Amino acid sequence: MNKKPAQPHWAKKIRAAIKAADGGPSETDLAEAPVLNYWRPHVSRHGAPILWGMVSGHPRLAGGWITTSQLVTIDANRAWARTASRWYVLGRQFSDYERSIAMGLGVEEAPAGFVQIDVPGYRPLDDLSLLDELLGAWRERMVFNDNGEG
């Protein structure tokens, strides 16, 4: 009997999130989604992208600074993102937070990296076009199994 091995739970979850993301969020998805303010993309050493930021309205986590599950897609212009586990509405970017801290300290222009926050195991990725490329490559790896089948 030539039975296909079961996919790991996480891979199934990622594939389901990719399928949902391909259709885009509905109005209901966004109305029920937590809001992520002062968000910033990060990437693991294995190339897995996440978002980090201050969440409100999350169904399982108290408000505050969080790292999301794996990022599947992001549309910064339309202010939403899809991770392995849920949709997020994107509020202000981390660069806004940096500017507000700089202004509070009397610094007129906050240079990139003015505020350093360490997210263990990840590094910040502020270039959204590079993030799009990374997400495309990551999604492609996740959609196909080891046999090249979708």
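Predicted model only: the values in this text are computed from it and were never measured.
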- request: Would you check if the side chain of H58 reaches a backbone N or O of R60 as a donor-acceptor pair within less than 3.5 Å?
  value: yes

message: I'd like to check T68 versus Y88 (side-chain heavy atoms, cut-off strictly below 4.5 Å). Are they in contact?
response: yes

message: Quick check: do W39 and Q93 have side-chain heavy atoms less than 4.5 Å from each other?
response: yes

query: Do Y38 and V119 share a hydrophobic cluster (ILVMFWY, side-chain heavy atoms under 4.5 Å, transitive)?
result: yes

Output a table of donor-acceptor pairs, distance under 3.5 Å, between side-chain atoms of residues 100-117 and any protein atom two or more places apart or on a different chain; print 'none' if there are none.
residue	atom	partner	partner atom	Å
S100	OG	Y97	O	2.8
Q116	NE2	G113	O	2.7

message: Looking at every non-hydrogen atom in both residues, tell me the closest pair between V89 and L30 and how far apart they are.
response: CG2-O, 3.5 Å

- request: Could you check if a side-chain atom of T73 sits within less than 4.5 angstrom of a side-chain atom of R139, using non-hydrogen atoms only?
  value: yes

- prompt: Linking I/L/V/M/F/W/Y whenever their side-chain heavy atoms sit closer than 4.5 Å, directly or via other members, would L61 and L36 fall into one cluster?
  reply: yes

- prompt: Are any side-chain N or O atoms of W87 and backbone N or O atoms of A81, one a donor and one an acceptor, separated by less than 3.5 Å?
  reply: no

query: Any side-chain heavy atom of V43 sitting closer than 4.5 Å to one from R123?
result: yes

- prompt: Can R99 and D96 be counted as an ion pair, charged N to O under 4.0 angstrom?
  reply: yes

message: Within this structure, what is the CD1-CG distance for the pair I74 and L128, rounded to the nearest 0.5 Å?
response: 6.0 Å

statement: Between the CG atom in N37 and the CZ atom in R92, the distance rounded to the nearest 0.5 Å is 7.5 Å

- prompt: Taking C-beta and beyond as the side chain, do L131 and P49 meet within less than 4.5 Å on heavy atoms?
  reply: yes

query: Can you find a heavy atom in the side chain of D132 that is under 4.5 Å from one in the side chain of L134?
result: no

query: How many angstroms lie between CG in L51 and CG in L71, if you round to the nearest 0.5 Å?
result: 4.5 Å

task: Return yes if a side-chain donor-acceptor contact under 3.5 Å exists between D29 and S26, otherwise no.
output: yes

query: Measuring from E140:CD to L135:CG, what's the distance to the nearest 0.5 Å?
result: 12.5 Å

- request: Please determine, by modelled atom types, if S69 and T83 share a side-chain donor-acceptor pair under 3.5 angstrom.
  value: yes

task: Would you indicate whether the side-chain heavy atoms of D126 and R40 approach each other to under 4.5 Å?
output: yes

task: Report whether Y122 and I66 are members of the same hydrophobic cluster (ILVMFWY, side-chain heavy atoms less than 4.5 Å apart, transitive linking).
output: no

query: Which residue pairs pass the salt bridge (Lys or Arg N to Asp or Glu O under 4.0 Å) test with at least one member in residues 67-86, sequence neighbours excluded?
result: D75-R78

message: Within the structure provided, determine whether T67 and W52 are in side-chain contact (heavy-atom separation under 4.5 Å).
response: yes

